[in-house]
Amino acid sequence: TNNGSVNSSVNTGPGLITVQSTGNLAIPVVSNFDVSPTSAAGNGGTINIFAKSGTLSMGNGSINANGKVTGTGGAITIDAQSVTIAGGAPLNLNANAAGAVGGAAQLGGTILVNASGTTGDLSAGGAGAFTASATGAGDGGKGGTVTLSAGRNLSLAGAGVINVGATGNNGGGGTINLSASNNAAANGTLTSTAILSANGKGTGAGGAINITNNSNAVTAIVLSSAISADGGATGAGGSVNITGLGRGGSNGGMDISSSISALSASAATGGTVTIDAGGGTPGNITLASTSIDTSSTTGSGSAINITAKDI
């Protein structure tokens with residue numbers, strides 16, 4: 001690390017780890033950062049990794065802020081001008097709740113990875129897999145929130161998985177947010193081969209998956225993975241929103257070869273899928289080997305909305 005500091009405090013409650021650099025920060029092998037409680041039960045803690053004035057590069061390992069026995073997921077925040085997560089062996093980010101089936105609802109935690117620079121790129125996966133998990137637990141425990149944000153380009157490569165689903169009875173899916181070109185001068189691309197899952201369980205509804213790029217690139221969003229915000233066995237479908245804002249009101253085109261679903265496997269209402277390619281002058285959308293499902297097995301299906309210059 002460059003000018004780095006590590007602070008850790010653990011008592012009967014959740015732990016805290018902060019790694020901070022005033023310049024660039026490199027963690028070639030993450031190994032294991034863990035702020036899960038050491039007591040019989042409790043909430044996950046907090047992990048902060050900051051290089052807000054420099055670049056951050058990270059290797060393989062696990063970063064864990066999980067609840068234990070009965071506890072909510074904790075919080076993981078990674079923030080730098082640009083963020084590179086190397087390929088090879090995976091980096092796993094976990095902020096999962098813990099709870100018994102039929103027990104009290106325990107909410108999934110929060111995971112934020114932010115490349116905040118004007119030309120800030122977030123690149124994860126490479127030949128290996130990047131995973132982020134913030135699942136809910138217990139009876140009615142909803143999944144948490146995973147947000148990946150880049151000032152310019154966002155790239156999720158390899159066979160990665162982001163999961164904010166429910167694992168206990170009757171829990172709703174959480175929220176996944178992917179966004180690129182967040183800075184005014186940037187016209188980046190958002191590409192993902194990662195599986196995105198925000199599924200409910202039991203009576204729980206599907207969650208929300210939001211993919212946004214504010215770029216006037218001809219092809220601003222490229223997706224080639226399974227994307228699902230399905231309801232549980234008797235739950236309503238959730239929502240999937242894929243938006244090319246088209247900076248300046250133009251382009252924001254897309255190339256999508258994914259299966260996308262926000263369905264209900266019961267009499268509950270199916271969810272919604274919205275694909276919108278950009279502003280007053282929409283870009284083109286290419287749908288290759290793409291399936292979109294907002295159906296309900298015995299209830300009402302719901303909307304699929306697609307806006308483009310050409311499809």
Closest approach of Gly158 to Thr193 (non-hydrogen atoms, all atoms of both residues): O-OG1, 2.7 Å

Report yes if the side chains of Ile256 and Ile242 come closer than 4.5 Å at any heavy-atom pair, otherwise no. yes

Heavy-atom check, side chain of Pro90 versus side chain of Asn92, under 4.5 Å: yes

Heavy-atom distance under 4.5 Å between the side chains of Thr55 and Leu25, does that happen here? no

Polar side-chain atom of Ser192 near backbone of Ala194 as donor-acceptor pair, under 3.5 Å: yes

Leu263 CG to Asp293 CG distance, which is reported to the nearest 0.5 Å: 4.5 Å

Any side-chain heavy atom of Leu287 within less than 4.5 Å of one from Ile306? yes

Can you name the one residue among Thr274, Thr175, Ile176, Leu178 that meets side-chain contact (heavy atoms from CB on, under 4.5 Å) with Asn210? Thr175

Any idea which heavy atoms bring Met58 and Val30 closest together, and the distance? CE-CG2, 3.9 Å

Looking at every heavy atom in both Asn66 and Ala95, which two are closest together, and how far apart are they? OD1-N, 3.6 Å

For Thr70 and Ala41, work out which heavy atoms get closest and say how close. OG1-CB, 3.6 Å

Work out which heavy atom in Gly54 is nearest to a heavy atom in Ala80; give both atom names and the distance. O-CB, 3.7 Å

Let me check something: do Ile209 and Ile292 share a hydrophobic cluster, defined by ILVMFWY side-chain heavy atoms less than 4.5 Å apart, either directly or through other members? yes

With a 4.5 Å heavy-atom cut-off, do Leu148 and Asn177 have their side chains touching? no

Passes side-chain hydrogen bond (donor to acceptor under 3.5 Å, both in side chains), Thr219 versus Asp255? Steps please. CA-CA 7 Å; Thr219 305; Asp255 187 346; over 6 Å; no

Side-chain donor-acceptor distances from residues 195-204 under 3.5 Å, at least two apart:
residue, atom, partner, partner atom, Å
Ser197, OG, Asn199, ND2, 3.2
Asn199, OD1, Ser228, OG, 3.2
Asn199, OD1, Asp230, N, 2.9
Asn199, ND2, Ser228, OG, 3.3
Lys201, NZ, Thr167, O, 3.0
Thr203, OG1, Asn170, OD1, 3.3

Where Ser225 and Ser258 come nearest, the two heavy atoms and their spacing: O-CB, 2.6 Å

